[in-house]
Amino acid sequence: MQTIRGFRDILPEHISLWQRVEQEAFSLFESFGFKEIRIPVLEKTDLFARSIGETTDIVEKEMYTFSDRKGDLVTLRPEATASICRSYIQHKMYATDPVRKFYMTGPMFRRERPQKGRYRQFYQIDAEVFGIESAYIDSELIFLLNELFKRLGLTGLTAHINSLGCPECRPAFQRALLDFLGKRKQVLCENCTRRIQKNPLRILDCKVDSCQKALEGAPATIDHLCQACDDHFTIVRTTLERQGVAFMVDKSLVRGLDYYTRTAWEIKTTTLGAQGAVAGGGRYDGLVEELGGPATPAIGFAIGFDRLVEVMEQLKKNGQDPPLDLFIVALGNAAMAKAYHWSCDLNLAGFRTGMDSRGKSMKSLMKRADKLNASHVLIAGENELKENQLILRNMDTKDQTMIAIDNLVPTLMTLLTK
RNA sequence: GUGGGCGUAGCUCAGUUGGCAGAGCACUAGGUUGUGGUCCUGGUGGUCGCGGGUUCGACCCCCGUCGCUCACCCCA
């Protein structure tokens, strides 16, 4: 028996980094006024098809879609934004307060070919903001990501940002791009030839050499922005500069979901092989209305949790297991019976305490204590029980002292917490 | 969906021309009757991914298949 292809266990020895990331992220989000939201893993297929875009790779070939026992078409969520929008609309949140800031984490599912940094079940940390059109929110989200990565001690990341325009300026840009490409159709790769019809914007970030060549001198979205979009993008850039957030404007950054408008960005690393994006986000001012809600500006990002942890593991030597405060070496059945109660009491008193009740030799038990990285060992054998005293051994200094069994827990609290 | 690399002990990997299945680490016991890390000695542990074929004989050669991995594509 083993996991399904592209699915994996995250084992206890790796979990501490996950917890640390989660704690740092959530406390940072909370202090910026975000609230946690929890949404279902399964939604109607239609939600994703309408929001992400019928012709995107995600919808066309990567979703886990099936009909349930009644024949309803449902899909394991490939991302979180669509569901959060659905929730915002379904609960009419706009009626009481259109401005909402959410964060969440959880598994997403996409049936791609697995490789380094890419799994079929992967985890994202999301943040979304509804109801604010101001460019300061765009800056705030990018600033937030930058701050989080700083707190986690990450280096070697670069923020790529771009503006994709809005329904006002995009048609004109698309015409300009198609005009430009018209003369070079033959050079484009198979994919891009198809994209001319379906989604010309995507040609911009094609990685095929011949396409990159063909794009030299091609019009860029940021050169065709309408006044409002241009102003918006200017504020994003100048604000980030003023806050000291390093970024580069990347004209080829497009992103593969159709709902994005205006600001789009990705945080990239070079340490994960071909999977460069550790986080990505963008504005999606039309999506809430598209899904049946009132016209509501919105913006959000997703952090690739698995990728983030992998980058961190490469940067740091993975920390040891947290050490044990005390290991109880109990020799014989009588000692073991007592040790069990001591151990529980000490655990409740806040000590990380362990023992081994497999009836092993003293040498084995000492080895066990060493393996668990115990700072102290409490030795309880027949002699000690007779004397009503135990040996407390400091594993670093090898000092041993006798302590009374009466009032054991209070005694250890004073001895071990100094 | 398309390519490349790899599947031998818990882990990392050797395995000669086709001739008894190996090492290091880890685990375990002892050396030391009740004291850890270093050291020494012993021990446990294998469907050689799986199925078929060739052969007196297959970890090795052939065919098929599954899995892992990296890359393309796309994204987190």
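Sequence lines set the chain letters: A, B, ... in the order given, protein chains first and strands last, and positions in each chain run from 1.
Separating the P atom of rG4(B) from that of rC39(B) is a span of 46 Å, rounded to the nearest Å. Annotation: rC73(B) and rA14(B) have their P atoms spaced 32 Å apart (nearest Å). Across rA21(B) and rC60(B), the matching P atoms stand 13 Å from one another, rounded to whole Å. As rounded to the nearest Å, rG30(B) and rG7(B) have C1' atoms that lie 37 Å from one another. Between the C1' atoms of rC13(B) and rG36(B), the separation comes to 30 Å (whole Å). The separation of rC27(B) from rG37(B), taken at their P atoms, amounts to 11 Å, rounded to a whole angstrom. Distance check on atom C1': rA9(B) versus rU17(B) gives 27 Å, rounded to whole Å. Across rU65(B) and rU2(B), the matching P atoms stand 12 Å from one another, rounded to whole Å.
Using a 4.0 Å heavy-atom criterion, one finds that Asn383(A) contacts the bases of the nucleic acid, with or without backbone contacts as well. Using a 4.0 Å heavy-atom distance criterion, Ala279(A) is classed as a sugar-phosphate-only contact. Using a 4.0 Å heavy-atom cutoff across all strands shown, Lys360(A) reaches sugar-phosphate atoms only and no base atom.
A donor-acceptor pair under 3.5 Å is absent between the side-chain atoms of Ser87(A) and the main chain of Ser83(A), judged by distance alone. No side-chain donor-acceptor contact under 3.5 Å links Asp9(A) to the backbone of Leu11(A).
Arg86(A) is linked by a salt bridge (charged side-chain N to carboxylate O under 4.0 Å, His left out) to Glu43(A), counting only residues two or more places apart in sequence or in another chain. Judged as a salt bridge (charged side-chain N to carboxylate O under 4.0 Å, His left out), and not counting sequence neighbours, Asp258(A) has no contacts. Every residue two or more places apart in sequence or in another chain that forms a salt bridge (charged side-chain N to carboxylate O under 4.0 Å, His left out) with Asp46(A) is listed here: Arg50(A). A search for side chain to side chain contact (heavy atoms under 4.5 Å, CB included) contacts involving Glu266(A) returns Leu253(A), Arg255(A), Lys268(A), Ala277(A), not counting sequence neighbours. Partners of Glu79(A) according to the salt bridge (charged side-chain N to carboxylate O under 4.0 Å, His left out) rule, which considers only residues two or more places apart in sequence or in another chain, do not exist here. The side chain to side chain contact (heavy atoms under 4.5 Å, CB included) check on Glu30(A) picks up Tyr103(A), with sequence neighbours excluded.
Defined by atom type and a distance below 3.5 Å, a donor-acceptor pair is present between the side-chain atoms of Arg118(A) and Gln115(A).
Annotation: proximity of residues 116-125 of chain A to RNA chain B (heavy atom, distance under 4.0 Å) is found for Lys116(A), Gly117(A), Arg118(A), Tyr119(A), Phe122(A), Gln124(A), numbered in ascending order. For RNA chain B, the neighbouring residues in residues 104-115 of chain A, judged by any heavy atom under 4.0 Å, are Arg110(A), Glu112(A), Arg113(A), Gln115(A). A heavy atom closer than 4.0 Å to some atom of RNA chain B occurs in Glu384(A), Ile391(A), Arg393(A), Met395(A), these being the qualifying members of residues 384-395 of chain A.
Rounded to whole Å, the distance from CG on Leu145(A) to C1' on rA76(B) is 12 Å. If you measure from atom CZ of Arg368(A) to atom C1' of rG36(B), you get 13 Å, rounded to the nearest angstrom. Here rG36(B) presents its C1' atom at 9 Å from CE of Met362(A), a figure rounded to the nearest Å. In this entry the distance linking CZ of Arg8(A) with C1' of rG67(B) reads 17 Å, nearest Å. Following rounding to the nearest Å, Asp370(A) (CG) and rC39(B) (P) show an atom-to-atom distance of 13 Å. Regarding Glu128(A), its CD atom lies at a distance of 11 Å from the P atom of rA76(B), rounded to whole Å. With rounding to whole Å, Leu331(A) atom CG is found 10 Å from rU35(B) atom C1'.
Comparing Glu382(A) and Gly276(A), the nucleotide of RNA chain B nearest to each residue sits closer to the 5' end for Glu382(A). Checking Thr3(A) against Lys398(A), the closest nucleotide of RNA chain B that is more toward the 5' end is the one next to Lys398(A).
Phosphate proximity of rU28(B) to Ser364(A): absent, as no side-chain N or O sits under 4.0 Å from OP1 or OP2. Residue Lys367(A) places none of its side-chain N or O atoms closer than 4.0 Å to OP1 or OP2 of rU28(B). Using a 4.0 Å cut-off, no side-chain N or O of Ser361(A) falls inside it from OP1 or OP2 of rG34(B).
Salt-bridge check for Asp138(A) with Arg262(A): failed, with every basic side-chain N at 4.0 Å or more from each acidic carboxylate O. Salt bridge annotation for Glu384(A)-Lys338(A): absent, with no cationic side-chain nitrogen under 4.0 angstrom from a carboxylate oxygen.
Stem analysis of RNA chain B (at least three stacked-register Watson-Crick or G-U pairs, each with both distances under 3.5 Å) gives B:1-7 with B:66-72, B:10-13 with B:22-25, B:27-31 with B:39-43, B:49-53 with B:61-65.
Among residue pairs with one or both ends in residues 359-372 of chain A, those qualifying as side chain to side chain donor-acceptor pair (under 3.5 Å) are Ser361(A)-Ser364(A); sequence neighbours excluded.
Atom CZ of Phe7(A) has more than 12 neighbouring heavy atoms from other residues, nucleotides or ligands inside a 6.0 Å radius.
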Review point. Under the salt bridge (charged side-chain N to carboxylate O under 4.0 Å, His left out) criterion, do Glu310(A) and Arg307(A) qualify, and how do the steps go?
Key: CA-CA 5 Å; Glu310(A) 272 164 47; Arg307(A) 290 182 186 176; over 6 Å; no
Point to revise | side-chain contact (heavy atoms from CB on, under 4.5 Å) between Ile267(A) and Leu145(A), intermediate numbers included | key: CA-CA 9 Å; Ile267(A) 315 289; Leu145(A) 277 170; 4.2 Å; yes
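Each of rG30(B), rA76(B), rU35(B) was ranked by its minimum atom distance to the side chain of Ile379(A); first place goes to rU35(B).
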Give the table of side-chain donor-acceptor pairs shorter than 3.5 Å for residues 399-407 of chain A, with sequence neighbours excluded, one pair per line with atom names and distance.
| from | atom 1 | to | atom 2 | distance (Å) |
| --- | --- | --- | --- | --- |
| Asp399(A) | OD2 | Thr397(A) | OG1 | 3.2 |
| Gln400(A) | OE1 | Arg393(A) | NH1 | 2.8 |
| Asp406(A) | OD2 | Asn388(A) | ND2 | 3.4 |

